[in-house]
K.L.:
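For reference, the structure I am asking about is given below.
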Amino acid sequence: MIFALLKKEFLIVGKSLHGLLSMIVLAFTLLFLFHFSFEKERSLDFHSLVGVKWAVVFLVSFVLIGQATWEERESGAGKIVLMLVPGWLQFIIKSVSVWILLMVVEVIFLFGMTVFFTNMSQGSFWNHFIFLIPGSLSLSFLGVSLGGFSGASRMKEIVLPLLLVPFSIPIFLYGLNAEFRWLTQPESLYSSFFLLVFFCFFYGGLGALFQELQSEDMDG
């Protein structure tokens with residue numbers, strides 16, 4: 001059942017390859033803009049590239065989360081699935097599907113950064129990717145839960161970004177600072193990484209609880 005639900009989410013969120021390709025095109029467009037704006041006269045240092053990386057990831061994740069919630073609402077699949085599976089399970093599966101699609105975009109995007117930016121080749125691919133794993137999962141949990149909350153509003157397209165941007169700032173700031181600190185203090189890897197994992201459990205638990213409460217209200 002779980003694999004069937006994941007397949008359903010990938011078809012809805014990704015709309016086959018079209019949604020994934022649109023996210024990749026957006027990521028590379030942002031990369032080109034950053035490259036043309038900042039690296040025209042001199043090569044950006046490694047710390048600046050970390051900031052560019054997190055900025056692009058956040059912009060792409062906002063678009064992907066918005067697309068996921070819009071497609072779910074328009075298709076009406078969410079209400080049908082809620083009749084068959086618990087609300088918390090649907091929330092977890094939808095969040096994981098958004099996260100997996102975001103991971104795919106980020107892997108391709110990181111390879112693109114090595115082409116656009118000279119100093120990006122300083123660290124290994126794993127070094128560039130490790131903090132994005134829990135950070136992106138936290139964003140997925142937060143975005144899907146806020147998407148369900150904004151769905152009850154008449155101005156759904158406006159409410160979601162208004163809520164998502166301020167609530168996601170702690171993830172952005174801590175993820176960015178954790179990677180900066182790790183570059184200067186390699187021994188801080190585990191403490192920084194596991195605190196980002198805590199964000200995943202925190203947003204995931206709150207989102208699952210909210211989804212269960214929302215399901216009970218719909219049943220009532």
Side-chain angles (χ1 to χ4, degrees), residues 23-24 26-65 95-96 98-146 161-207:
M23 294 300 102
I24 294 172
L26 174 61
F28 274 81
T29 301
L30 293 171
L31 271 184
F32 173 77
L33 293 176
F34 278 116
H35 171 74
F36 185 79
S37 301
F38 300 121
E39 193 145 319
K40 188 175 181 180
E41 301 296 334
R42 60 180 180 86
S43 298
L44 289 178
D45 59 79
F46 194 70
H47 282 72
S48 299
L49 292 177
V50 172
V52 170
K53 176 182 68 177
W54 279 90
V56 174
V57 166
F58 264 66
L59 291 173
V60 172
S61 66
F62 291 164
V63 177
L64 181 59
I65 291 169
S95 300
V96 169
V98 172
W99 175 63
I100 292 175
L101 288 175
L102 189 56
M103 287 289 98
V104 173
V105 175
E106 288 172 0
V107 168
I108 299 173
F109 154 73
L110 286 176
F111 280 114
M113 284 196 72
T114 61
V115 175
F116 282 97
F117 300 101
T118 305
N119 291 330
M120 194 65 183
S121 58
Q122 288 185 11
S124 67
F125 179 82
W126 177 248
N127 292 345
H128 296 304
F129 192 61
I130 182 171
F131 287 105
L132 291 180
I133 298 173
S136 300
L137 183 57
S138 298
L139 278 176
S140 301
F141 282 139
L142 177 63
V144 173
S145 60
L146 291 180
L162 288 177
L163 292 174
L164 187 56
V165 171
F167 280 105
S168 61
I169 286 178
I171 304 173
F172 174 77
L173 292 179
Y174 184 79
L176 191 62
N177 289 329
E179 191 158 354
F180 283 155
R181 185 172 56 179
W182 178 53
L183 291 173
T184 56
Q185 303 174 8
E187 66 276 5
S188 68
L189 170 63
Y190 293 107
S191 60
S192 300
F193 182 81
F194 284 117
L195 191 51
L196 278 173
V197 172
F198 169 77
F199 274 108
C200 296
F201 283 102
F202 178 74
Y203 285 117
L206 283 182

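Predicted model, so just to flag it, every value in this text is computed and none were measured.
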K.L.:
Kindly say whether the aromatic ring centers of W182 and F131 come within a distance under 6.0 Å.
P.N.:
yes
K.L.:
Can you tell me if K53 uses its side chain to pair, donor with acceptor, with the backbone of L110 under 3.5 Å?
P.N.:
no
K.L.:
Name each donor-acceptor pair under 3.5 Å that joins a side chain in residues 54-63 to protein atoms two or more places apart or in another chain, with its distance.
P.N.:
from, atom 1, to, atom 2, distance (Å)
W54, NE1, E179, OE1, 2.8
S61, OG, V57, O, 3.2
S61, OG, F58, O, 2.8

K.L.:
Look up atom CH2 in W99 and atom OG in S138, then write down how far apart they are to the nearest 0.5 Å.
P.N.:
10.5 Å
K.L.:
Measure the shortest side-chain to side-chain distance between I108 and M103 over non-hydrogen atoms and say whether it is less than 4.5 angstrom.
P.N.:
no
K.L.:
Over all heavy atoms of both residues, which pair between S95 and S140 is shortest? Give the atoms and the distance, please.
P.N.:
O-CB, 3.5 Å
K.L.:
Could you tell me if the side chain of L139 sits less than 4.5 Å from the side chain of Y203, heavy atoms only?
P.N.:
no
K.L.:
Could you tell me which non-hydrogen atom of G143 sits nearest to which non-hydrogen atom of L164, and how far apart they are?
P.N.:
CA-CD1, 3.8 Å
K.L.:
Please report the shortest heavy-atom distance between G51 and L176, naming the atom on each side.
P.N.:
CA-CD1, 3.7 Å
K.L.:
Quick one: list whatever passes side chain to side chain contact (heavy atoms under 4.5 Å, CB included) with L49, sequence neighbours left out.
P.N.:
L44, M113, F117, N119, M120
K.L.:
Can you measure from CG (L137) to CG (L102) and round to the nearest 0.5 angstrom?
P.N.:
10.0 Å
K.L.:
Tell me every residue that passes side chain to side chain donor-acceptor pair (under 3.5 Å) with S136, counting only those two or more places apart in sequence or in another chain.
P.N.:
E106
K.L.:
Taking the side chain as everything from C-beta on, heavy atoms only, tell me whether L64 gets closer than 4.5 Å to V105.
P.N.:
no
K.L.:
Any non-hydrogen side-chain atom of L206 less than 4.5 Å from a side-chain atom of S145?
P.N.:
no
K.L.:
Measuring from F141:CZ to F201:CZ, what's the distance to the nearest 0.5 Å?
P.N.:
8.5 Å
K.L.:
Checking the side chain of S37 only, and the main-chain atoms of F34 only, is there a donor and an acceptor separated by less than 3.5 Å?
P.N.:
no
K.L.:
Y174 and S191: which non-hydrogen atoms are nearest, and at how many Å?
P.N.:
OH-O, 3.9 Å
K.L.:
I need the minimum non-hydrogen distance between P134 and C200, along with the two atoms involved.
P.N.:
O-SG, 3.1 Å
K.L.:
Atom CZ of F116 and atom CZ of F36: how far apart are they, to the nearest 0.5 Å?
P.N.:
12.5 Å
K.L.:
Do L31 and F109 come within less than 4.5 Å of each other through their side chains, counting heavy atoms only?
P.N.:
yes
